Structure formats: structure tokens, C-alpha cells
Amino acid sequence: MACRMRMSRLLALCVGVSVFLTSCGEATLGDIQAGLQAERTTPLGEEPASAADAARFLTQASFGPTDAEIDIVLAKGYGAWIDGQMSSVSSSHLLYVDNRIAQIRLTNPNASPSANHFYESFWLYAANSPAQLRERMKFALSQIFVISLTDSAIDVRGAASYYDMLGENAFGNYRTLIEQVALHPMMGRYLTHLGNQKEDPATGRLPDENFAREIMQLMSIGVHELNADGTLRIDGDGQPIATYTSSDISNLAKVLTGFSWYAANPTNSTFRGGGRNNDSYVRPMIAYPAFHSTSAKLFLGTTMPAGSTDAMAELRTALDVIANHPNVAPFMCRQLIQRLITSNPSPSYVRRCSSVWANNGRGVRGDLGAVVKSILLDGEARNGDLASTPTYGKVREPVIRMTNWMRAFGATSISGNYLLNSTSATTSLGQSALASPSVFNFYRPGYVPPNTRAGAQNLTVPEFQIVNEVTVAGYANTMQAAIGNGIGTGADVRSSYAREVVIAHDANALADRMNRMLLSGRMSSTLRTRIVESVNGVNIPAATGSNQATIDTARLNRARLAVYMTMVSPEYLVQR
């Protein structure tokens, strides 16, 4: 890149996001929420008023706006765009991985799938799939129903299949989703309930409680009882009320005994992993009655009597109990709002979403499609005036910043395979799809950054959990390389900045372009001035008839500089 910022200035600029995000002034969270309560209760309609409105909507509902998608939203309106997206189908990650390995084996017969092949499919579809809302939703769901390729127990084909399953259920029913999550062999391996055996008093063996605990704590009801608006329920002593007990965990663990690898002809050997084939890694686990606990089970107030060897029936009963728990709606709604819209949704926003979760208007509970539509069309999502509220918005996830760049500026893969491997290193993006360091994702939904104004007001800022001096510099350096020369093996993914180069002689036009594609029309005069001054500092020589290549390089460098300065600015790093 022709113009390089000094790292000290760059770090100050990037770290400034913490000030930008937490500068709540004298207003308290309660003051702000009370003042906005009335205007948040009324949806603003389904028609974007401008291209900036459409771009802001696509920032929330996709992996980033494109010129073409902005025009589609303007033509269709929000609601019709959502409806069209919900009928769109994602391409299969499993099919991609299988085809990729078949291709590689033409020259290397011993090749086997690696995590990189899943990452290729992720970037390919995130950047290019027309089913953008589904792509964005399966990424959000993958951060709630976590498995991770960092665990050696996770098979790459199985992980691709798991991600496909999340996409297939993105707009379906939550009850169906949690059953498919519970029975997927990769979740079985990750949270160790695959091959879970009934208790044995003679040896002291007890059923594995890992998944039983996490499905309640992280994927459904949480640890404390909630009101419909997501606020804590309090007992007579002023203390939060626990949603479940250790007995509920141990009894649910007994329900989860007897499930293991799919086999056409199940035996004790296949229960223990014998005779596995490719199908067993991607098909739902099956029940093996001989290994299922037949003792009585009391779980969240529901009793399953002793004597049953029907593991599937008991599992479905337990999942029915979970799915119908009143906590599920506010617990899940708040997390989905956080992943798409804002880190600190008002209680009224959560309550409106919860009411749709409880009843989609047709008497159906847990309709994820209806819930997502309500989240995206809610007045708190669509009212652009709220974006200036100090507590509104979220830190953009590093992965989404990268896809935003790819989509906004038409970055393409030279090989066609998007050879961009893991970006989880702190010196890179600090995040990769389906590769979190633990079942708690890269960041917890309830993370409150200590020693900040946000922390003093108990504001959650999940993505800030991976923001530090190393990741700030890592992101800046990664984007400098990507924007300047491309990223991935052999700089495989790169942009020509065709639209930007055409207007590069006009620094103000470039700033307008950045405002449209990256900031949804919310660029400050301060940032605009910095971009215009810096771009004008890259001279375009006068044409002499023999220096066209020099002129073209200067125009390209101007475009790259405008993109880079915007993408490392605090205004960009916080999605408003």
C-alpha cells in the first residue's frame, strides 16, 4: 500500500473503539432505555427510505452489503427480501468437502479432508451465496450450538455436515433443531455423550453429564430464571432463581445414555465405534437399548418412570420439556439479537421477540423464521436514529469484517477455492468459523469488559472479549495485507477495486463510496476529512501518453487507502 500509517497511530485508532463503544457520558443505561421505550415499540415499516437504510439492514442480515443486494432491498422492501431469503437454500459444505477431496485425490490418492477444506467452503459461501440470511443465521447458530474443529475428536466431514444441519434448521422450529443438535455425532463427540452408558453400581460408573449440562446452560434455558423481557426473576431474598439443579443434570444425563454411531446393523461393537463408515460421521446417532439407563428420571419437574429401554422416546420427552420452558424464548432471543443487531437490546425488544417465539401468530412456538423476521423488522433494529445512542450497536465480529470486505469490493478467489485457512490466530482475525476455543464460543454473550464505562454500567460487549493489543494489531496487519495484495495461500482472495478505481481521482467520491459500502451512510465529518486528506496525499501524475501504468497504480493505491482507513476506524469497528 502506497501510504502506510505508523503503527502507534494505527493502534490508537483501533483501540479507540473501546472509547467509542463505552463513552456513555452522564447517561445511564436505565435513562437511555426509559427515554427510548416508547419509540422502540412501534415498527417503522418494511420499506427502506434510502440506499443507506438498505445497506444498514444488510449489515445486520447478511455477511455484508453489495451494490446489487442494496438495489434488491430497495426494490423489494425489507419484508419481501426476508421472505425470499428464507426460501433460498444454502449450498452444502459437506458436498464441497467431498468434491474437493475427490479432486485432490486425482493427483494425491492418500489425501484426506482437513479443517482448511471446511474453511474454504465457509468463505466461498459467506462471500458469494445468494442465501445470505441463511448463511448469516447458521454462523450465528454455530456460536450458540458450539462444536469446534480445534478438538481432535471432530471429523472435518462431520463438522461440514453439522454446519449444513444448522443452515437447514435456520428458519425451522427450535424443537427440531435441538433434537438434531443432540443427535448429531459431532456434538456427541464434542460434548462426549456419544457412547454414553447407563450407570453401573458395581463399578461406580455414572453417565457422562457434559452435554446434559451444556444444553441447559448454553443452548436453551440458561442458569437463572428470566422474565419474558430477559430480565432476571428474583426470589423473596433478592437473589436470582436457579433454573436447574445438579439432580436435573444427572437425570438428563441418564436420558442421554445409549446413543452412539449410526449403523445399518447395530451391535455392541458398533456402539463402541467398530465398523464405522463415512455415513456414521454425518448421520444422526441411533439408540442402543442395551446401554440405556432404565432407572426412573425426574427432570425439570417431569418424571419418566423406571423400566423403559426406549432411549429415543425419553430423549424426545426431555427435549419437549426443555423447548417448552419459559426461559427459552428470552434466553435465545437475546442471543440472536446480539449476534445480528446490538449487544444490549432493551427489555422491550427482547419481550417483543419472546412473544413471537411463544406464538408466531399461528399458534406455533419456537418458529425461528418468524423470530428472525421480528428481530430484523423491530423498531429497535430499523430506527436509524437509535444508532447514535451510546449503548446501541455491537463490535463487528472479525470474520464478518473480512466477509464485508470481500462482498463490498467484489473480492474473488483466483483458484476458485478461497484458499483462506484458519484465521483464529491472535495475529490474524482472532476468529474462524466453527473453531472456537471452547463450548463457550470465542466470547460469552454476557461478557462485561472490566475497567470500562460499559463495565461500570454492566453493559455486555461480547466481541470485546477477544479485543486486546495483539488482536488489534493482528487485525490491522491482516487487513492491510488483504486490502493491498490479497489474502490466503498465494494471495488467492483479492479485489481489483474496479468501481473504486474509476472514481479514485475524486477523494470525496471515494469517501462517499466507503460511506455507502462500509458505514451505511453514517460516516462522521472527522473521518471523512481524514480520508480525503490522506487520499489526496497520493498523487496521480498528469498523463503524458507513456505513464498510464503509473497513473493506474496511483488510482489503485488511492482506492486501497480509502478502504483501509475506513476498515480500521472505530466508526467501522462498531456496527451501528
Side-chain angles (χ1 to χ4, degrees), residues 137 140-141 144-145 165-166 168-184 187 191 193 209 211-233 235 240-257 259 284 287 296-305 308 310-337 347 350-375 445:
M137 265 297 288
L141 292 172
I144 300 171
F145 302 94
M165 178 271 295
L166 295 179
E168 290 160 5
N169 287 281
F171 310 123
N173 194 279
Y174 172 80
R175 172 60 184 80
T176 301
L177 172 62
I178 58 171
E179 181 170 323
Q180 293 193 18
V181 166
L183 291 175
H184 199 285
M187 180 58 80
L191 289 181
H193 62 290
E209 297 182 350
F211 182 68
R213 179 183 302 104
E214 305 306 355
I215 191 175
M216 291 192 290
Q217 179 181 355
L218 304 175
M219 306 175 197
S220 61
I221 63 177
V223 296
H224 294 120
E225 291 188 11
L226 303 173
N227 296 306
D229 63 4
T231 57
L232 285 173
R233 294 189 64 202
D235 65 18
I241 305 167
T243 51
Y244 57 86
T245 66
S246 57
S247 176
D248 290 317
I249 295 172
S250 61
N251 277 274
L252 180 56
K254 292 177 182 178
V255 172
L256 291 163
T257 54
F259 293 95
K297 305 165 186 78
L298 176 60
F299 170 65
L300 294 180
T302 296
T303 300
M304 293 171 238
S308 174
D310 192 340
M312 195 65 72
E314 290 198 336
L315 173 64
R316 288 173 175 156
T317 296
L319 295 180
D320 286 344
V321 171
I322 289 173
N324 286 296
H325 193 287
N327 253 42
V328 174
F331 184 79
M332 290 296 298
C333 282
R334 191 172 195 276
Q335 289 195 71
L336 290 174
I337 293 170
V350 176
R351 185 181 64 249
R352 291 191 295 274
C353 175
S354 293
S355 70
V356 175
W357 187 290
N359 184 344
N360 68 351
R362 300 183 301 277
V364 177
R365 178 178 176 82
D367 179 349
L368 293 174
V371 167
V372 171
K373 190 170 186 178
S374 75
I375 289 172

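Keep in mind that this is a model prediction, so the values were computed, not measured.
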Exercise. Quick one: does Met137's side chain get under 4.5 Å of Leu336's, heavy atoms only?
Worked result: yes

Problem set entry | Sub-4.5 Å side-chain heavy-atom contact between Arg175 and Asn324 | no

Exercise. Counting N and O atoms only, with roles assigned by atom type, does the side chain of Asn251 sit under 3.5 Å from a partner on the main chain of Ser247, one being a donor and the other an acceptor?
Worked result: yes

Problem set entry | side-chain contact (heavy atoms from CB on, under 4.5 Å) between Arg213 and Leu218, worked out | CA-CA 8 Å; Arg213 179 183 302 104; Leu218 304 175; over 6 Å; no

Exercise. Pro330 and Ala228: which non-hydrogen atoms are nearest, and at how many Å?
Worked result: CB-O, 3.7 Å

Exercise. Is there side-chain contact between Ser308 and Glu314, with at least one heavy-atom pair below 4.5 Å?
Worked result: yes

Exercise. Can you name the residues that form a side chain to side chain donor-acceptor pair (under 3.5 Å) with Lys254, not counting sequence neighbours?
Worked result: none

Exercise. How about Phe299 and Leu252: do any of their side-chain heavy atoms sit closer than 4.5 Å?
Worked result: yes

Seminar exercise, completed: In this structure, NE2 of His325 is separated from CG of Leu226 (nearest 0.5 Å) by 9.0 Å

Problem set entry | Pairing residues for Asn327 by the side chain to side chain donor-acceptor pair (under 3.5 Å) criterion, not counting sequence neighbours | none

For this session: May I have the step-by-step check of side-chain contact (heavy atoms from CB on, under 4.5 Å) for Val356 and Asp367, ending in yes or no?
Result: CA-CA 8 Å; Val356 175; Asp367 179 349; over 6 Å; no

Seminar exercise, completed: Between Met165 and Leu177, the two heavy atoms sitting closest are SD-CD1, 4.0 Å

Exercise. About how many Å separate CD1 of Ile241 and CZ of Arg233, when rounded to the nearest 0.5 Å?
Worked result: 4.5 Å

Exercise. Atom CE in Met219, atom CD1 in Ile322: separation rounded to 0.5 Å?
Worked result: 10.0 Å

For this session: For Thr257 and Ala311, work out which heavy atoms get closest and say how close.
Result: O-CB, 3.9 Å

For this session: Identify the two heavy atoms, one from Ala212 and one from Ile215, that lie closest to each other, and give their separation to 0.1 Å.
Result: O-CG2, 3.5 Å

Exercise. Taking all atoms of both residues into account, what is the closest heavy-atom pair of Cys333 and Ser354, and its distance?
Worked result: SG-N, 3.7 Å

Exercise. Is it true that the side chains of Thr231 and Asp229 contain a donor and an acceptor less than 3.5 Å apart?
Worked result: yes

For this session: Determine yes or no for a side-chain-to-main-chain donor-acceptor pair under 3.5 angstrom, with Asn227 supplying the side chain and Gly230 the backbone.
Result: no

For this session: Dump the intermediate steps for side-chain contact (heavy atoms from CB on, under 4.5 Å) on Ser220 and Tyr174, then the final yes or no.
Result: CA-CA 10 Å; Ser220 61; Tyr174 172 80; 3.1 Å; yes

Exercise. What are the two closest heavy atoms between His224 and Pro240, and how far apart are they?
Worked result: CD2-CB, 3.6 Å

Exercise. How would you list, by chain and number, every residue that makes a ring-ring contact (aromatic ring centres under 6.0 Å, His included) with Phe211, sequence neighbours excluded?
Worked result: His193

Problem set entry | Close side-chain approach of Val255 to Met304, heavy-atom, < 4.5 Å | yes

For this session: Return yes if some donor-acceptor pair links the side-chain N/O of Asp310 with the main-chain N/O of Ala313 below 3.5 Å, else return no.
Result: yes

Seminar exercise, completed: CE of Met187 to CZ of Phe145, rounded to nearest 0.5 Å, is 8.0 Å

Problem set entry | Check against side chain to side chain donor-acceptor pair (under 3.5 Å), Asp320 and Thr317 | CA-CA 5 Å; Asp320 286 344; Thr317 296; 5.4 Å; no

Exercise. Distance-only, no hydrogens or angles: does the Thr303 side chain make a donor-acceptor pair with backbone N or O of Leu298 under 3.5 Å?
Worked result: no

For this session: Would you check if the side chain of Asn173 reaches a backbone N or O of Leu368 as a donor-acceptor pair within less than 3.5 Å?
Result: no

Exercise. Quick one: are Gln180 and His184 in side-chain contact, heavy atoms under 4.5 Å?
Worked result: no

Exercise. Does the side-chain contact (heavy atoms from CB on, under 4.5 Å) test come out yes or no for Val364 and Asn359, once each step is laid out?
Worked result: CA-CA 5 Å; Val364 177; Asn359 184 344; 6.0 Å; no

Problem set entry | Ile337 CD1 to Met332 CE distance, which is reported to the nearest 0.5 Å | 11.5 Å

Exercise. Roughly how far, to the nearest 0.5 Å, is the CG atom of Asn360 from the NZ atom of Lys373?
Worked result: 11.5 Å

Problem set entry | Residue pair Phe259 / Leu315, side-chain heavy-atom distance below 4.5 Å | yes

